[in-house]
J.: 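I am attaching a structure below and will ask some questions about it afterwards.
Keep in mind the model is a prediction, meaning the values are calculated, not measured.
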Amino acid sequence: METPLWVPLLQVVVIFTYYLLLTALLIWAERRVVARMQSRLGPNRVGPFGILQTLVDGVKMFFKEDVTPGMVNKLIFNIAPIVGVVAGFLSIAVIPIGGEVTLFGETFTLVVSDLNVGVLWVLAMGSLHVYSTFLAGWASNSPYPLMGGIRSSAQMVSYEIAQGLAVASVFIYTGSLRVSDIVAAQSGSGFVEGVPGWYAIPLFPAFMVFVIGMVAEAGRPPFDLAEAEGELVGGFNTEYSGLRFGMFMLAEFMSVVTMSAIVVTLFLGGPAGPTFGAPDAVAGLIGVFWFTLKTALFIFLFILLRGALPRYRYDRLMNLGWKVLIPVALVWTLVTAGMVLLEQEQGGFGAGLRLTMASAAGVILLWLVATSRTPRDAGDRADHHEVAPAPGDPAAGGDDDVLATHGEDVPRTEEVSP
Amino acid sequence: MTLLAQAAEVTAGDTAEVTLFWVFAVLGLGSALAVITLRNIVHGALMLVLNFLAIAGLYLTLQSAFLSIIQVLVYGGAIMVLFLFVIMLLGVDNDDLLQADGRNRLLAIIGGALLAGAITFAFVGPYTSAASICAEEAPAAAAGQYDCVGLDYEEDDGAGVAFIGRSMFTTYTYPFELSALLLTVATIGAVILARRRDLTPEDEDEVVGDERAEPTGAHPDDRGDPDLVLEGDDAGAEPRGEG
């Protein structure tokens, strides 16, 4: 049966618009929520509650003068922001935002392409996204951007490993790399009747590793070392302005949406949720609602993290990635593989046995993490010289909202050194 | 007739697969040439990225989506980022490169030609006999011929994952483990060679005057500002009091 051309076109347009809208709403929501956390008002002039602020900012970015400094490598300087946006948009292609929809006699899923290597596609696009910040930093031919670029590449490559291992335990558990199989395997009940069979429960350590890793992958606070403005002016995007700077901002915020969508798909069942006995044609659209709700929760988590936590120190970030997350993810991948193999040999466990095993393994793993002391290396010796930052010191990582106007200096208790 | 002739026949057709093959083949060869001819080392490395992506495209035309995506993920993503990372940290100057004199160049050409010949012979050789022809029709397996299925095995998941996994961990276990061992040895060797002599370095004072840390050296129009010294591998390690 031939699918008419308008079906894939509609899928592409719907999903493109969906993510673009979600990103625009995220930028607005972030500024409002962070403002509220800092006793400010935030943007409230354009549209109801300032919801159209992103649109206006986009127009502003578009018409601002786009300066290309003289010392840059022009070709790569121009390519870098495009790579980021393109990789960001491509990675959402395999994520289904809803169930099956029937329109004009054609039934299709709300996903651009259900690749048979879908999960790896997401990781691959994430690894190409590194080039954006990295090349921007290098092509600027300026020391602070270069340092930002180098930091971000080391950070992303490190956390990619932990994330990849966390994802590995998901597809070992499912036995398929196809995103639709992973979503289907999580629909219905889990161990206990009534509790959803989301992978966040049996694969909890992998879930935690993925959630921490995705904040680092997206380069968001508290892991936004690539653009630590207290230390690096603006990081990799210091020399950028106008539309190209806007593209970096878009790519960063889009990666928040993308990462939230991916974690929802891999660990929280994607668009699965109660359909209240709706007919099949509408049930797919109810899936969109559940998917949006779950994704919005994770986006909110991103915003809260940004508002609440000071920036991590770079060597600690690396320690966390290499000495905690990667070992945990590695062990959990092995445990998952062992469980799947045992189940195949035994011909299936009872639900109770599986639950006991999974929780026992999780408790042991968490205990190991909690009791083990990571060996202190050279970088940690700086602890002895730590001084409490002076109030209002920009290096102490205060308000880092590049878009919002910097308001009054709000005292932040968490800046006291440990 | 051999498999090569058969492949040439298929390539003479006008399908999407053939078109894509030509696009990726030209891209791959062109970028490979650019890697060794471009004088700017970062441009060369980026051409290598393009080359890896083109090879990934070739894998796709061979119906091996898994290999293709792994090529992008591992080579295009992780390994090339590390390459560029090292290039930028070390700040290799253009003057350091391509200093081969006539004799070295001749030796390099001969060695390269020999290696290319050996690889071509090893890979193409098995496909020059009549027995290598794959059968378009299904029942031809009886005649001692292969089926024209490539990696898209019927019992597989359509991406070649299970097929590659089975081969790697059953038939080719020893080569696989040996190459893993080789990589480990290489990594340990690199760590030992790169280890610092003094085992108790003064972290706070080493920043200035660290030669490795010249940041902008890799750049073509480098202005070489002596004041702009990048901290080495512990960038950002100074106390900030926000742990």
J.: Tell me, for A/L75 versus chain B, whether the close heavy atoms (under 4.5 Å) come from the side chain, the backbone, both or neither.
T.: neither
J.: Should we count CZ of B/F83 as having more than 12 external heavy atoms under 6.0 Å?
T.: no
J.: Kindly indicate whether the side chain of B/I69, heavy atoms from C-beta on, has any atom under 4.5 Å from the side chain of A/L177.
T.: no
J.: Counting heavy-atom pairs under 4.5 Å to chain A, which of B/L82, B/V74, B/L46 comes out on top?
T.: B/L46
J.: With chain B as the partner, which of A/L120, A/I161, A/L128, A/V157 has the greatest number of non-hydrogen pairs under 4.5 Å?
T.: A/L120
J.: Not counting sequence neighbours, which residues clear side-chain hydrogen bond (donor to acceptor under 3.5 Å, both in side chains) with A/S169? List them please.
T.: none
J.: Roughly how far, to the nearest 0.5 Å, is CH2 of A/W138 from CG of B/L84?
T.: 9.0 Å
J.: Measuring heavy-atom distances to chain A, does B/V49 have an atom under 4.5 Å in its side chain, in its backbone, in both, or in neither?
T.: side chain
J.: Please find the pair of heavy atoms, one from B/G77 and one from A/S127, that lie closest to each other, and give the distance.
T.: CA-OG, 3.5 Å
J.: Could you check whether atom OH of B/Y75 has more than 12 heavy atoms from other residues, nucleotides or ligands sitting under 6.0 Å from it?
T.: no
J.: Donor-acceptor pair, distance only, cut-off 3.5 Å: does the side chain of A/Y131 make one with the backbone of B/G76?
T.: yes
J.: Are side-chain heavy atoms of A/M156 and B/V81 found at a separation under 4.5 Å?
T.: no
J.: After noting the C-alpha distance and the side-chain angles of B/I70 and A/V117, does the key distance pass the side-chain contact (heavy atoms from CB on, under 4.5 Å) rule?
T.: CA-CA 10 Å; B/I70 288 293; A/V117 287; over 6 Å; no
